[in-house]
Amino acid sequence: MFALMNNMPNLLGDQFASKFAWFPEQASTFAAENDWLFFFITWICVLFFIPIAGCLFYFCWKYSKPKGQKAESNTAHNTPLELAWSILPSFFLVAMFVMGARSYLDQRTVPEGANNIGLKAFKWGWTMDYGKGVMNPELHILVDEPTKLSMRSSDVIHSVFVPAFRAKKDVVPGRYNYMWFEADVASEQVSEAELAAATKENDGEVWDYDKWQFTPDGYKFFDLYCTEYCGKNHSVMQTVVVVHKTVEDLDAWIKQVSKRPVDQTPEAWGEKLYNQRGCAGCHSLDGSKRVGPSFKESYGNKRPLADGTTITADEDYIRNSILYPKKQVVAGYQPVMPSYQGQLSDDDIASIIAYLKTVSDYGPKAAANTGEEQTSTEE
Amino acid sequence: MSAGSLPSGSQVRDPGYPTPSENYLTNSKGVLSWIFTLDHKRIGVMYLVGVTVAFGVAGLLALLIRLHLFQPTGMVFQGEEANNWYNQVFTLHGAIMVFLFIIPSIPAALGNFLVPVMLGAKDVAFPRLNLCSFYLWVFGALFFVSALCASGLDTGWTFYTPYSTTTDSSVILATSGAFILGFSSIFTGLNFIVTINTMRPPGMTWFRMPLFLWATYATSIIQVLATPVLGITLLLLIAERTMHIGIFDPEYNGDPVTFQHFFWFYSHPAVYIMILPAFGIISDLISVHSHKRIFGYRFIAYSSIAIALLGFLVWGHHMFTSGMSSLTTIIFSALTFTVSVPSAIKVFNWLATMYKGSISLTTPMCYSLAFIFLFTIGGLTGLHLGTLATDMHLHDTYFVVAHFHYVMVGGTLVAFLGGVFHWWPKMFGKMYSEAGGRLSALLVFAGFNLTFLPQFVLGSRGMPRRYATYDPEFAALHQMSTWGSMLLGFGLLVALVVLLRSLKSGKRAPANPWGAATLEWECTSPPPFYNFERAPTVGDPYDFSNLEWDAENERYVKIEPAREIVPEEQPVTEPVHAEDSK
Amino acid sequence: MSTIEASPEVGHDEHGHDHDHPPFLAHHFDTPEQQFDSGKLGIWLFLVTEVLFFSGMFCAYAIFRALRPEVFEGCSQFLNTKLGAINTGVLLFSSLTMAWAVRCSQLEQHKGLVGTLAATLSCAMIFLGVKAIEYSHKFGMGLLPAGLFFYDPSNPHPTDHPPYLLYICAPFALALVGVLIWLVVSAASGNKFQFAVAKPLSVVCLCFFVGVGLGTVLESGEDSADHVDVHADPNGLATASVMLEAEKSAEAEAAPAIAASGAMVPVEESVLEILATDPTNVGVVSGLNALEQQTAAAGTSTVTGDGEILGAVTTTEVDVMTPTTAGVFFSIYYCMTGIHAIHILAGIGVLVWLLVRAVRKDFNRQYFGPVDYVGLYWHLVDLIWIYLFPLLYLIR
């Protein structure tokens with residue numbers, strides 16, 4: 001077992017101060033107080049537990065007697081003792097309650113002027129709304145500034161949990177829940193060389209956060225988990241929190257993700273959106289049927305709809321499916337896709353359409369391929 | 001005088017052994033005599049078999065969970081549907097354990113057998129209702145099995161909406177099963193309340209009852225009051241799924257959090273249904289195996305009722321992060337602390353009972369010691385969860401998983417096992433191997449701690465609940481936990497084997513192998529089908545002064561002091577003044 | 001030292017009964033008093049569980065009514081108060097006959113007992129008959145729980161619906177036929193006991209159709225007056241609900257969000273209208289509704305620079321007959337009255353069993369427990385209806 005513990009991976013950027021730390025790194029203003037209170041309670045518990053366990057084993061040893069021997073005493077009452085052990089613990093309990101309630105009220109009271117970020121939870125991903133149409137799954141905030149999250153869910157109950165911040169709140173459909181925190185540790189950035197090497201090795205695949213322990217932009221991060229069971233991919237409904245040192249840094253990042261970079265093709269941007277904005281969870285690329293139809297058979301294909309008609313999945317159909325998904329549902333699927341109305345710009349939608357053309361068996365590339373095959377068989 | 005020889009001249013009272021035609025296990029033969037039995041003892045035995053099977057199934061599912069979590073990417077389930085399989089396994093583990101095992105185990109399996117006998121009565125107040133309860137349990141179990149075989153169940157045992165109203169799995173079958181099981185629970189509770197109220201023997205006032213009966217009474221109050229609310233909650237869930245009544249659906253101006261309020265209004269008192277009978281068993285076990293009067297009887301009795309009633313006020317502490325108002329949240333936290341006080345005091349009372357007692361380290365005593373140790377840890381970690389600020393970090397993490405397993409498994413299961421070992425000679429007339437029994441207690445204790453202690457750390461470090469895969473930094477602790485679960489499983493298997501072997505080759509059990517003073521030990525082991533010829537004389541249930549160990553026959557017997565004939569002289573045959581008249 | 005072993009006592013007569021262990025006394029009880037006390041406590045506990053069972057629904061009612069009082073007022077118009085009042089009277093009368101039955105059993109008036117039990121049963125059947133009319137009428141009009149709601153104010157009485165009334169009456173008709181056949185057969189074969197049971201039972205089954213008839217007569221008299229287009233109480237409630245509607249158009253298909261994003265409005269609106277024709281797009285329908293009402297409400301008011309609002313807020317008519325509003329009311333209505341009706345059915349079953357035992361003369365002055373207990377249950381069922389009636393039918 002000790003070998004196991006020594007070999008325990010102590011991954012960079014993963015947030016334990018030491019191998020044997022009880023808590024993750026303290027990265028918000030709540031953390032220190034919370035941890036202190038936790039250890040206060042724990043020490044009180046130890047204070048009571050050691051005597052209890054001690055008495056337990058000691059009495060067993062000392063008063064263990066052969067069968068038939070009577071007990072040494074038969075006292076069944078001791079009023080002063082009983083009063084003492086009823087009243088004394090109560091003081092500790094009151095202390096715990098008061099301290100807990102106080103800290104809690106601080107954590108519930110959003111300070112004035114907090115930076116408000118919208119959060120949308122869906123099965124199975126997150127979208128942070130930075131305003132002015134900028135949406136991204138990663139949560140980027142400023143160090144030493146209170147951040148407020150206005151959260152809602154588009155389907156079932158989820159829950160935001162950032163262990164490093166000791167912050168948690170449920171995200172409920174049909175209403176807004178609010179939480180706030182103030183990060184006091186900024187995220188480090190990795191060197192350019194390291195970032196370049198990782199980008200090269202990742203080579204266009206979905207970015208593996210666990211492997212690299214930094215974001216595609218080179219920031220170390222804190223984990224953000226979904227912590228209310230929400231179905232199949234609940235365990236992978238994770239994103240990251242990056243704390244920026246300066247407001248310029250943060251703004252630069254926001255600008256960078258707000259739209260397609262000039263040097264990126266629509267298809268590449270569309271692929272990024274496919275991975276980041278939750279399409280991947282329900283629409284596969286390899287033909288396997290998930291909650292939604294696979295994109296392999298999407299663009300250009302004739303689709304039978306739930307109402308009995310048949311349409312060809314052209315650009316217009318894809319656009320309508322993104323904005324008004326319940327209007328024309330493919331036969332055999334449930335009308336459960338949430339709408340992206342107001343969350344994708346026109347360019348975003350066009351990029352997605354461009355990307356879908358490349359992955360579909362019925363798209364222009366595929367058509368070109370079959371065209372070639374036909375000409376080759378004709379020969 | 002050495003222990004084990006009986007004082008000369010005294011009278012020994014011992015009911016002896018039952019004949020086959022009296023023994024409740026053999027007084028009528030054939031499967032039908034069991035299926036249609038009205039004998040509470042047979043019903044108790046059938047429950048025992050049933051809950052053991054349910055425990056086995058759910059236990060295997062638990063082992064599957066721990067095996068899968070041995071690796072961060074999941075070791076058992078692979079492929080596209082791996083997570084779906086995992087979700088179904090943990091849901092069914094929870095649902096079967098809670099509804100089919102933990103809630104019915106002590107009241108139905110042990111309580112049914114013991115309550116009338118402890119009261120010196122012939123049966124419970126409503127024997128046919130009792131049998132009906134058993135068949136409702138079976139029926140409910142069948143519904144769960146059918147849900148398993150149909151589309152499975154993947155909502156978590158807590159059925160939170162809107163996930164449970166929109167998922168494809170067999171939610172309706174499973175909730176119908178739970179609804180039926182609820183009625184089984186209600187009728188059992190109803191039966192016990194009436195029995196204890198109206199069928200106590202002459203001389204058994206409320207404060208001369210064994211504490212197991214106090215615990216059963218308090219449990220039954222909760223069963224009767226809380227379970228109907230679960231019933232209506234599940235009905236509303238079914239109605240929401242079938243008719244879209246809209247109560248939990250934000251689309252129809254409903255509120256998903258309402259479901260949580262309704263659900264936990266039952267489910268929090270339900271955990272007291274699980275633990276109060278365990279407290280009752282431990283009170284009796286500690287007292288008997290320390291051969292010493294229980295310390296603070298009245299307090300333990302009152303605290304059981306207090307826990308039962310206070311338990312209805314704290315359901316919100318399962319929902320601290322759901323978005324309730326601050327005031328509501330704070331009130332629930334305060335009330336949660338009040339309900340912890342009675343439980344703590346019970347622990348002190350038990351320790352005080354052991355002080356200067358005459359302790360025999362029998363198997364039931366070993367389990368009781370394990371209980372005190374494990375339940376104390378479970379209860380103390382509840383303080384971290386009841387404190388609002390720390391709960392913000394710990395809610396829905398493995399810390400909660402560890403906490404409730406400590407109280408439910410380390411608490412209820414261990415007490416249940418202790419009770420089974422304690423009353424096994426009475427129920428089946430056989431003694432088991434003490435060495436085997438004590439070994440099982442040790443293995444269970446060690447395995448359990450190894451499984452769940454690391455989970456406190458896992459939770460504090462941020463590992464969320466109900467995750468099929470996890471970040472690699474949590475791997476070492478998960479692996480420790482999995483090894484522990486294997487040990488725990490093995491220990492439980494040892495316990496089962498020890499008990500089953502005793503049926504085949506155990507020594508014949510005397511009426512009172514442990515030297516207890518409650519009424520169930522005054523009939524034979526096993527009892528005759530009519531329990532007692534006439535209502536037995538009620539004494540003090542915790543007075544061990546007239547119980548002596550008869551080493552020759554390896555049993556305890558009740559001693560009555562030697563009787564004197566009064567007057568000592570022979571009666572005169574002549575009139576007193578006969579001489580005068582001569 | 002002597003050991004006293006237990007020995008079986010000899011003191012029973014050949015039937016295994018003691019002389020003071022009468023046949024109606026169960027073997028595990030010592031005295032009839034103990035048996036009666038146990039049963040009494042048992043039934044009271046059961047009634048407590050029933051109250052808690054219903055309390056969940058009363059909670060739901062309270063929550064929804066507090067949130068949307070105008071919906072409840074509006075929809076209550078669809079409930080026929082006359083029929084509700086008749087049902088209340090019938091149930092009250094049945095409670096009377098039930099209490100009378102308990103008295104008869106205590107006084108060993110066997111014929112009276114059978115008669116009063118039959119009367120109670122008949123009242124229960126009338127209740128169900130009236131309920132059948134109410135339910136089938138509403139099913140036909142589309143006044144169903146939220147998910148199935150399809151009421152259309154312009155066509156309140158569609159005639160192309162399945163014969164719900166027939167479906168509901170079928171099992172009762174079967175029962176009536178069965179009982180009548182039994183009556184004839186038992187009369188013919190001279191089986192006095194079965195005849196004595198079948199006679200009151202046939203009256204009971206007939207009473208279901210008496211109830212149906214009563215309901216039909218009274219429903220048709222109300223037809224024209226009842227189903228007017230429902231408008232909620234105007235003023236604050238209307239605007240408040242309008243704003244609530246706007247907020248609660250949850251999905252991004254909501255109109256306000258589109259208005260906010262600016263340039264795209266004209267195109268989106270027409271698409272929305274197309275979508276709104278599909279009734280399953282509940283969010284869109286509500287959203288469009290909300291937009292209309294919001295525009296109407298805001299039409300006459302202006303906001304000055306310092307935040308004041310000039311002008312009056314016109315009263316608007318809020319249409320409450322949508323699935324998200326009226327549907328919820330009817331969900332609660334069906335849940336509460338439906339579960340209550342199931343309890344009436346269960347009560348009927350138990351009362352029939354009591355009737356059979358009464359004909360068999362099982363009860364005497366020492367043993368009337370079952371009648372007493374069923375009486376208590378029946379009183380509770382009646383009491384629950386007494387709460388339901390004003391809460392659902394008498395809201396205005």
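Here is how names work: the chains are called A, B, and so on, in the same order as the sequence lines, proteins then strands, and each is numbered from 1.
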Residues B:Ser322 and A:Asp170: side-chain donor-acceptor under 3.5 angstrom
no
Say whether A:Tyr229 and B:Asp396, considering side chains only, have a donor N or O and an acceptor N or O under 3.5 Å apart.
no
Taking NZ, NE, NH1 and NH2 as the nitrogens, is one of them in [X] or [Y] under 4.0 Å from a carboxylate oxygen of the other?
X: B:Glu80; Y: A:Lys232; value: yes
X: A:Glu72; Y: B:Lys292; value: no
X: B:Asp391; Y: A:Lys168; value: no

Would a line drawn from the ring center of A:Phe49 to the ring center of B:Phe373 be shorter than 6.0 Å?
yes
For A:Phe23 together with B:His393, are the ring centres under 6.0 Å from each other?
yes
Under a 4.5 Å heavy-atom cut-off, does chain B meet the side chain of A:Phe161, its backbone, both or neither?
side chain
Name the region of A:Arg102, side chain, backbone, both or neither, that has any atom closer than 4.5 Å to a heavy atom of chain B.
neither
First locate atom OH of B:Tyr467, then atom SG of A:Cys226, and finally report the distance between them rounded to the nearest 0.5 Å.
6.0 Å
Test item: B:Arg466 side-chain N/O and A:Cys230 main-chain N/O as donor-acceptor pair under 3.5 Å
no
Has the side chain of B:Thr390 got a donor or acceptor atom that lies under 3.5 Å from a matching backbone atom of A:Phe38?
no
All ring pair (Phe, Tyr, Trp, His ring centres under 6.0 Å) counterparts of A:Phe181, not counting sequence neighbours:
A:Phe165
Is there a side-chain contact between A:Phe97 and B:Ile330, using heavy atoms and a 4.5 Å cut-off?
yes
